[in-house]
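Right, one structure below, let's go through it.
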Amino acid sequence: MTAWAHSLIRISNYEVETLQKRLAEITSKKASAEMRLAVLDAEVEIENERARADAEAGLLLQAYLAGWKARKGMAEADLVTLDAEEEGARDALTDAYSELKKFEHVAETTRLNALIAAGRRETAAFDEMGLRRRTA
């Protein structure tokens, strides 16, 4: 493999690995955001049950629900943002992987063409040696 091909493949591999790490980070953040939403939903159920059982808690429920809606809205907005980031990261990773495969294909084709050319030169040299022996 030529030096330029090796360098391009190495750079492309680095880019793919970097994008894979970025996608893993986004996936982790997304799972955390989904967990926050689940916890918020569980908390509101607990508060609703408490309000049904306790009149004083019932009076405070509306204030709690206002805060809960704000927190849930922020968590949902975070999730939408993370979904978009994840889609972008997946697209970038797909593109980087395609580029890597192209570079690998070009490098392999170049290597095979060099082997074919070397074989042709060797055959030509043997043919020339054979002609020289016949004429001698």
Side-chain angles (χ1 to χ4, degrees):
M1 184 180 324
T2 62
W4 62 266
H6 182 67
S7 294
L8 285 175
I9 290 171
R10 197 171 75 239
I11 290 168
S12 291
N13 270 324
Y14 177 77
E15 184 177 0
V16 166
E17 289 170 5
T18 301
L19 290 169
Q20 286 173 330
K21 288 176 187 174
R22 177 69 183 136
L23 183 58
E25 289 171 7
I26 293 168
T27 302
S28 175
K29 286 179 183 179
K30 185 177 172 186
S32 177
E34 289 169 343
M35 182 61 72
R36 270 196 339 253
L37 280 172
V39 167
L40 284 170
D41 288 342
E43 286 175 352
V44 79
E45 288 300 317
I46 292 170
E47 290 300 321
N48 280 327
E49 287 296 319
R50 186 178 307 174
R52 279 184 227 131
D54 182 3
E56 188 176 321
L59 295 174
L60 301 173
L61 183 63
Q62 293 307 313
Y64 174 80
L65 288 176
W68 175 82
K69 285 178 185 176
R71 289 193 315 270
K72 183 168 179 164
M74 289 177 9
E76 287 172 338
D78 288 347
L79 194 57
V80 167
T81 300
L82 289 168
D83 281 338
E85 280 185 49
E86 182 181 37
E87 183 178 340
R90 285 189 190 284
D91 290 346
L93 180 58
T94 299
D95 292 345
Y97 190 73
S98 293
E99 287 298 312
L100 171 62
K101 291 301 161 196
K102 286 178 191 175
F103 291 143
E104 288 175 342
H105 177 71
V106 167
E108 182 64 13
T109 301
T110 302
R111 185 186 73 78
L112 291 175
N113 287 341
L115 287 174
I116 290 168
R120 287 182 182 153
R121 284 191 302 273
E122 184 179 354
T123 301
F126 284 136
D127 289 346
E128 186 178 331
M129 285 174 34
L131 287 174
R132 285 185 189 166
R133 285 188 182 163
R134 279 193 211 160
T135 58

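FYI, side chains are in, hydrogens and waters are out, and symmetry mates aren't considered; it's all heavy atoms of this structure.
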Between [X] and [Y], what is the shortest heavy-atom contact and its length?
{"X": "Asp41", "Y": "Lys72", "value": "OD1-NZ, 3.0 Å"}
{"X": "Tyr64", "Y": "Val44", "value": "OH-N, 3.9 Å"}
{"X": "Ala51", "Y": "Gly58", "value": "CB-CA, 3.7 Å"}

Are Arg132 and Glu128 within salt-bridge range, i.e. N to O under 4.0 Å? yes
Those residues that, when tested against Asp91, pass side chain to side chain donor-acceptor pair (under 3.5 Å) (two or more places apart): none
Measure the [atom1]-[atom2] distance between [X] and [Y] for me, rounded to the nearest 0.5 Å.
{"X": "Thr18", "Y": "Asn13", "atom1": "OG1", "atom2": "CG", "result": "10.5 Å"}
{"X": "Arg71", "Y": "Trp68", "atom1": "CZ", "atom2": "CH2", "result": "9.0 Å"}
{"X": "Lys21", "Y": "Leu23", "atom1": "NZ", "atom2": "CG", "result": "13.5 Å"}
{"X": "Met35", "Y": "Ser32", "atom1": "CE", "atom2": "OG", "result": "8.5 Å"}
{"X": "Thr27", "Y": "Arg22", "atom1": "OG1", "atom2": "CZ", "result": "10.0 Å"}

Do any side-chain atoms of residues 76-84 form donor-acceptor pairs under 3.5 angstrom with protein atoms, and if so which ones, sequence neighbours left out?
residue: Asp78; atom: OD2; partner: Arg36; partner atom: NH2; Å: 2.8
residue: Thr81; atom: OG1; partner: Ala77; partner atom: O; Å: 3.0
residue: Asp83; atom: OD1; partner: Lys30; partner atom: NZ; Å: 2.9

Report yes if the side chains of Arg52 and Glu49 come closer than 4.5 Å at any heavy-atom pair, otherwise no. yes
May I ask whether Ile9 and Trp4 are part of the same hydrophobic cluster, defined by side-chain heavy atoms of I, L, V, M, F, W, Y residues being less than 4.5 angstrom apart, directly or through others? yes
Partners of Glu122 by salt bridge (charged side-chain N to carboxylate O under 4.0 Å, His left out), sequence neighbours excluded? none
Would you please name every residue forming a salt bridge (charged side-chain N to carboxylate O under 4.0 Å, His left out) with Glu87, sequence neighbours left out? none
The criterion is side chain to side chain contact (heavy atoms under 4.5 Å, CB included); which residues satisfy it with Ala57, sequence neighbours excluded? Arg50, Asp54
What side-chain donor-acceptor pairs closer than 3.5 Å can you find for residues 92-104, not counting sequence neighbours?
residue: Thr94; atom: OG1; partner: Arg90; partner atom: O; Å: 2.9
residue: Ser98; atom: OG; partner: Thr94; partner atom: O; Å: 3.1
residue: Glu99; atom: OE2; partner: Lys102; partner atom: NZ; Å: 3.4
residue: Lys101; atom: NZ; partner: Glu104; partner atom: OE1; Å: 2.8

Donor-acceptor pair, Ser28 side chain versus Ala24 backbone, under 3.5 Å? no
